[in-house]
**Student:** 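Once you've had a glance at the structure underneath, I'll fire off some questions.
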Amino acid sequence: MERTEQELRRLEELDLLEQAGLTAYPYSFEKTHNALDILKNYSDENSAEFSNVSIAGRIMAIRRMGKAAFCHILDASGKIQIYMRKDDIPDFYDNLKYLDIGDIIGVKGFVFRTKTGEISVHTKEIQLLCKSITPLPVPKEETDEQGNKIIHDAFTDKETRYRQRYVDLIVNYPIRDVFIKRSKIISQMRKYFDEKGWLEVETPILQPIYGGASARPFVTHHNALDIPLYLRIADELYLKRLIVGGFEGVYEISKNFRNEGMDKMHNPEFTSMEIYVAYKDYNWMMEMTEDVINTIANEVLGTTDINYDGKNISLQKPFKREKMFDLFKKYIGKDIFGASLQELLQIAEENKVELPANAPYSKIIDEIFSELVQPNLINPTFVIDYPIEISPLAKKHRNQEGLVERFELFINGSEVANAFTELNDPRDQRNRLEQQAIERAKGDEEAMVLDEDFLHALEIGMPPTAGLGIGIDRLVMLLTGQTSIRDVLFFPQLKPEK
RNA sequence: GACUCGGUAGCUCAGCUGGUAGAGCAUUAGACUUUUAAUCUAAGGGCCAUGGGUUCGAUCCCCGUCCGAGUCACCA
């Protein structure tokens, strides 16, 4: 391994510190406060309560001035300034020159306010808790007259930020808010479902037959069984088996895997939430969906008004509800319900919607929708009643031939949720999956695979059920203002280096 | 997968019409006991992503490769 000049120097310093009798990697440290506890609660009146604090954190800046020094340390709550004088720590002070940005220290002392007014900790005892060998990027932070923070030499290289997220989290400290919000969004969602009495469950990730969505899977191999296994593309079919089994509300928050392209909206592994509730239909599910999103926004953000990508979006319920074919009418000026393949192709051509060669009917509808309608759906909109061809797991519409009871929720032109009144007539389900098998035989790699055991479960009998899937990553993007999925994942998929 | 842009010091970047590199921060040495982008003085640090080509000579021009970003395509 090649080491840089700075790393070699730090390794030497580490030796020197150890020769001086210090432990560079001790086992624990007793903290009494976080940086934020002190900054928020300290005042000149109650300073006595802060006469003996113990804090720890990573050195982010150090200013040595002869026989006194200042540094800023960063802990999980934020940054705080430390003041050190040779008089107070005579034994340690000479070692200060061997401390670097990136080292972790523990400090005991009293809180005070400096001449310039910054709340700081005056060190009485100091201990090295971890010596850092590899230098961190060193951005500088300036506060201008208006109190705005200006970052100089920010650590901006996306590739390194994603590959070394641990560095990114330290140096670009504010990004941790996105991940904290992500965690809160998920726990609020869980809380909402748990309070309703629905059961969080786990179903197989390794599946002998994949299903529940139209996508290409990852394939792996089980050695002992000597069979191929697929990483799940959706939870749907297993969760419905559990409804058959007698649970009346089950949900799962989990990773799905799709072997497809990656871009700002797609990562090969992504998190989704799927929930199935017995005796309900998609109308009920729409209300539940807007309620859960509304609740999460209020709990996590404290508001339902968000700004995303320069657009103001209201998550106030109720959300708009639009029938899919009404939207077609609205945005292409034509009723295409029941249109022939020829007519659809013509519309696609007129509107410059590009289609793959020999696209099936369902694909064309889908393309026309995503090109001409979807981008217009900025405020939350439930698009309801889809053509049967593109929804093989949804129940036939109770009033209208050729449609199913399905909705998708679009916000800012992007799909956030997908739901239907679940198809529970085993005869119809078999027909539809057989139709998929035909599409598959014709070369549609994404068409669903027929799962006999799933059909068997439906033949045992599944009560009327409503099902919903929410793309957690996209919801998090929306609620945190991020425009790339990579920025809501700690470790987005990248090509291996070299 | 296609196109565009990018890869130069630990970090952020500059580098002219081709003449083998520059700044700030970081680092090192010195000064400084309330600094805060600390300051002042001095110094070190580079296989210019990578492999070829053109040229007397390539960070720069040409071709290939790798990695990333963006757009499109594929894809919910």
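Proteins get letters first, then strands, A, B, ... in listed order; numbering begins at 1 in each.
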**Student:** Only counting residues at least two apart or in another chain, list the ones meeting ring-ring contact (aromatic ring centres under 6.0 Å, His included) with F328(A).
**Tutor:** F325(A), F369(A)
**Student:** With a 4.0 Å cut-off on heavy atoms, is N418(A) in touch with a base, just the backbone sugar-phosphate, or nothing at all?
**Tutor:** nothing
**Student:** Just the rounded figure in Å: distance from P of rC11(B) to CG of L136(A).
**Tutor:**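 Computing the L136(A):CG to rC11(B):P distance gives 11 Å.
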**Student:** Write down the distance between NZ (K495(A)) and P (rU65(B)), rounded to a whole number of angstrom.
**Tutor:** 11 Å
**Student:** When you compare the protein's N or O atoms with those of nucleotides 4-7 of chain B, which come within less than 3.5 Å of each other, and at what distance?
**Tutor:**
none

**Student:** Output every pair passing salt bridge (Lys or Arg N to Asp or Glu O under 4.0 Å) with a member in residues 408-418 of chain A, not counting sequence neighbours, ordered by first then second residue.
**Tutor:** R406(A)-E408(A)
**Student:** Which is true for R113(A) with a 4.0 Å heavy-atom rule: it touches a base, it touches only sugar-phosphate, or it touches nothing?
**Tutor:** nothing
**Student:** Looking across every strand, which nucleic acid part, if any, lies under 4.0 Å from E141(A) by heavy atom: base, sugar-phosphate, or nothing?
**Tutor:** sugar-phosphate
**Student:** If you look only at distance, which donor and acceptor atoms sit under 3.5 Å apart when one is on a side chain in residues 47-57 of chain A and the other is two or more places apart or in another chain?
**Tutor:**
{"from": "S51(A)", "atom 1": "OG", "to": "A48(A)", "atom 2": "O", "distance (Å)": "3.0"}
{"from": "S54(A)", "atom 1": "OG", "to": "E30(A)", "atom 2": "O", "distance (Å)": "2.6"}

**Student:** Could you tell me whether A69(A) contacts a base, only the sugar-phosphate backbone, or nothing, with contacts defined as non-hydrogen atoms closer than 4.0 Å?
**Tutor:**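 If one applies the 4.0 Å heavy-atom cut-off, A69(A) turns out to touch nothing in the nucleic acid.
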**Student:** Whether K264(A) contacts rA69(B) is assessed here as follows: a side-chain N or O lying under 4.0 Å from the phosphate OP1 or OP2. Is that the case?
**Tutor:**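 No, outside the criterion.
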**Student:** In dot-bracket notation, what is the pairing pattern of RNA chain B, taking Watson-Crick (N1-N3 plus N6-O4 or O6-N4) and G-U wobble (N1-O2 and O6-N3) contacts under 3.5 Å, with [ ] crossing and | for other strands?
**Tutor:** (((((((..((((.....[..)))).(((((.......))))).....(((((..]....))))))))))))....
**Student:** Ring stacking, H152(A) with base of rA37(B), under 5.5 Å and under 30°?
**Tutor:**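 H152(A) ring centre within cut-off of rA37(B) base, planes near parallel; stacks.
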**Student:** Expressed as a whole number of angstroms, how long is the span from R63(A):CZ to rC40(B):P?
**Tutor:**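 Roughly 15 Å, once rounded to whole Å.
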**Student:** Nearest to the side chain of D153(A) - rA69(B), rG24(B), rU35(B)?
**Tutor:**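 Nearest to the side chain of D153(A) among the choices is rG24(B).
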**Student:** Would you classify F112(A) as touching base, sugar-phosphate or nothing, given that sugar-phosphate means primed atoms plus P, OP1 and OP2, and contacts are heavy atoms under 4.0 Å?
**Tutor:** base
**Student:** Between Q374(A) (CD) and rC75(B) (P), how many Å, whole number?
**Tutor:** 14 Å
**Student:** Between rU55(B) and rU17(B), how far apart are the two P atoms, rounded to whole Å?
**Tutor:** 23 Å
**Student:** NA contact type, A154(A), heavy-atom cut-off 4.0 Å: base, sugar-phosphate, or nothing?
**Tutor:**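 A154(A): backbone/sugar contact only, no base atoms under 4.0 Å.
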**Student:** What is the distance, rounded to the nearest whole Å, between atom NZ of K115(A) and atom C1' of rA38(B)?
**Tutor:**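 Going from NZ in K115(A) over to C1' in rA38(B) covers 13 Å.
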**Student:** Counting just side-chain N and O atoms, does R161(A) come under 4.0 Å of either OP1 or OP2 of rG68(B)?
**Tutor:** no
**Student:** R216(A) CZ to rC75(B) C1': how many Å, rounded?
**Tutor:**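 For the pair R216(A) CZ and rC75(B) C1', the rounded distance is 8 Å.
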**Student:** Which part of the nucleic acid does T156(A) contact within heavy-atom distance under 4.0 Å: base, sugar-phosphate only, or nothing?
**Tutor:**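 Sugar-phosphate only.
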**Student:** With no hydrogens and no angle check, is any side-chain donor or acceptor of N148(A) less than 3.5 Å from a backbone partner on D144(A)?
**Tutor:**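 The answer is no, because no donor-acceptor pair under 3.5 Å joins these two groups.
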**Student:** Using a heavy-atom cut-off of under 4.0 Å over every strand shown, decide if L494(A) touches base, sugar-phosphate, or nothing.
**Tutor:**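 L494(A): backbone/sugar contact only, no base atoms under 4.0 Å.
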**Student:** Please report the distance, rounded to the nearest Å, between CG in D168(A) and C1' in rC11(B).
**Tutor:**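 It is 13 Å, rounded to the nearest whole Å.
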**Student:** Between rA37(B) atom P and Q81(A) atom CD, what is the distance in whole Å?
**Tutor:** 10 Å
**Student:** For nucleotides 27-33 of chain B, print each protein N/O atom paired with a nucleotide N/O atom at under 3.5 Å, atom names and distance only.
**Tutor:**
{"from": "rU27(B)", "atom 1": "O3'", "to": "R9(A)", "atom 2": "NE", "distance (Å)": "3.3"}
{"from": "rU27(B)", "atom 1": "O3'", "to": "R9(A)", "atom 2": "NH1", "distance (Å)": "2.8"}
{"from": "rU28(B)", "atom 1": "OP1", "to": "R9(A)", "atom 2": "NE", "distance (Å)": "2.7"}
{"from": "rU28(B)", "atom 1": "OP1", "to": "R9(A)", "atom 2": "NH2", "distance (Å)": "3.0"}
{"from": "rU28(B)", "atom 1": "OP1", "to": "E13(A)", "atom 2": "OE2", "distance (Å)": "3.3"}
{"from": "rC32(B)", "atom 1": "N3", "to": "G66(A)", "atom 2": "N", "distance (Å)": "3.4"}
{"from": "rC32(B)", "atom 1": "N4", "to": "G66(A)", "atom 2": "N", "distance (Å)": "3.3"}
{"from": "rU33(B)", "atom 1": "OP2", "to": "K67(A)", "atom 2": "N", "distance (Å)": "3.2"}
{"from": "rU33(B)", "atom 1": "N3", "to": "D87(A)", "atom 2": "OD2", "distance (Å)": "3.0"}
{"from": "rU33(B)", "atom 1": "O4", "to": "D87(A)", "atom 2": "OD1", "distance (Å)": "2.2"}
{"from": "rU33(B)", "atom 1": "O4", "to": "D87(A)", "atom 2": "OD2", "distance (Å)": "2.6"}

